[in-house]
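A quick note: this is a predicted structure, and the numbers were derived from the prediction, not measured. Read the numbers this way: they start at 1 and go in the same order the structure lists the ligands and their atoms.
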Amino acid sequence: MPTLLKFLLVCLLLATAGSVQAQTPTAPSPAPATAQPAYDVNAATQAYLNTLTPAQKARSDAYFEGGYWLLLVEMLYAVGVAAVFLGLGLSRRIKAWTERLPQRFLRTLAYVAIYLLLAWVLSFPLTVYVGYFREHHYGLSNQSFGEWLGESLTSLALSVVFGSLLILALYAAVRRAGRTWWVWGAGIMGTFVAVGIFLGPVFISPLFNKSTPLPAGPVRAAILSMARANGVPADNVYLVDASRQSKRISANVSGIGSTIRVSLNDNLLRRCTPQEVQAVMGHELGHYVLNHIYELLLSFVMVIGTGFWLLDWMFVRLVARFGSRWGVADRADVGGLPLAVALLAVLTFLSTPIVNTIVRTNELEADVFGLNAARQPDGFAAIAMKLSEYRKIDPTPLEEALFFDHPSGHTRVYTAMRWKAEHLGDK
Ligand SMILES: [Zn+2]
């Protein structure tokens, strides 16, 4: 997927994940006064980690560590795509075609739409490797090539329509505000993403998956009881048929205002015990109750504002030097879009540890909330182990800080076992 489109989708997905240490919910947890047998948290953690066979661990590490390199490869690939547009003259030709249109906003819109389509085509080899072949190689996908391609084309259509409108709005800001466009740009991005999150569960997700109210039964009763205890409306809990795409277990919080909801997927329901499902749903209720969507949206606006400011700084210097060779006049010239996208790809690559840490902090908060809400430390630890299918279980602290947007399995199991040790005497 071309970098810009992927960036937009990631922005939307980020908002379905989950920020600030100060809000960490802490249940009052006085150490039990009664004498407890000594509980070795580290030994209990290691016992869970040992349930993974060396072969399973090697496979999980290989999949996840490959993702580190993909960050670099995708950034370099995006720079390569920009080189095709600018260095080989593709951009000049698109501009020549669109120049015949009568109004400037039509010329801009046409250039952007053609650019998005061609960038998708040029990026297809990498997209198909990452999204289809690699997922199948690791046994993580349930989709045939046709199904996968159909979904990719749906994403492309969405991105061309909404991406063109977004970029048109950004160029309007550049042309009106000049060098301070990045302030307006951050506001436009924030508004666009907020609308996207609002519409997401109602208009975007249904294009890919079906979501239905959770079927009646003991699992539903336990989840709804936990939802009520934490002030989450019961009619906001949904079941999603994610097994159409993969066997990954997952759940999330999505939407804003009237569309906000907690969803769990059918893989989770089928592959996990009721205790494990409760542990996951306690975590998701944490995202909901702690307003993580709103917090992430605010963080996103600050990150993108800084990113746009840096992008402008680099863009102006590069265009002063190479502008005539690339056919780019100034920042208001839409022919500079491939360069702007390449610079955004570089900045996105460099900001990976910052964005990961913002998201991972929220996730840790939701973990702690979930342990207090569901009181299923072993269920939570078992889930953390199951997630090793696609997330390295035991990274170094530096690796976790740089590359993890969720706490590692080790961190999660340890957090759960420490909770268990400190609450063994509670009832
Ligand atoms: Zn989460």
Query raised in the report: Between the Zn ion (ligand 1) and His287, is there an N, O or S atom separated by less than 2.8 Å?
Result: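 Checking the Zn ion (ligand 1) against His287, an N, O or S atom does fall under 2.8 Å.
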
Query raised in the report: Looking at the Zn ion (ligand 1), is one of the N, O or S atoms of His283 less than 2.8 Å from it?
Result: yes

Query raised in the report: So, is the end of the Arg134 side chain (NZ or CZ) under 6.0 Å from the ring centre of Tyr63 and within 45° of the ring's axis?
Result: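 Yes; both conditions hold, so Arg134 lies above the ring face of Tyr63.
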
Requested in this report: Establish, yes or no, whether the cationic atom of Arg248 lies under 6.0 Å from the six-membered ring centre of Tyr390 and within 45° of the ring axis.
Outcome: yes

Requested in this report: With sequence neighbours left out, write down each residue that passes side-chain contact (heavy atoms from CB on, under 4.5 Å) with Tyr238, or none if nothing qualifies.
Outcome: Ser211, Arg261, Ser263

Query - Glu363 atom (N/O/S) at minimal separation from the Zn ion (ligand 1) - result: OE1

Query raised in the report: Should Phe308 and Asp312 be marked as a side-chain contact (heavy atoms from CB on, under 4.5 Å) after you check the CA-CA gap, both sets of side-chain angles, and the distance that decides it?
Result: CA-CA 6 Å; Phe308 278 171; Asp312 190 73; over 6 Å; no

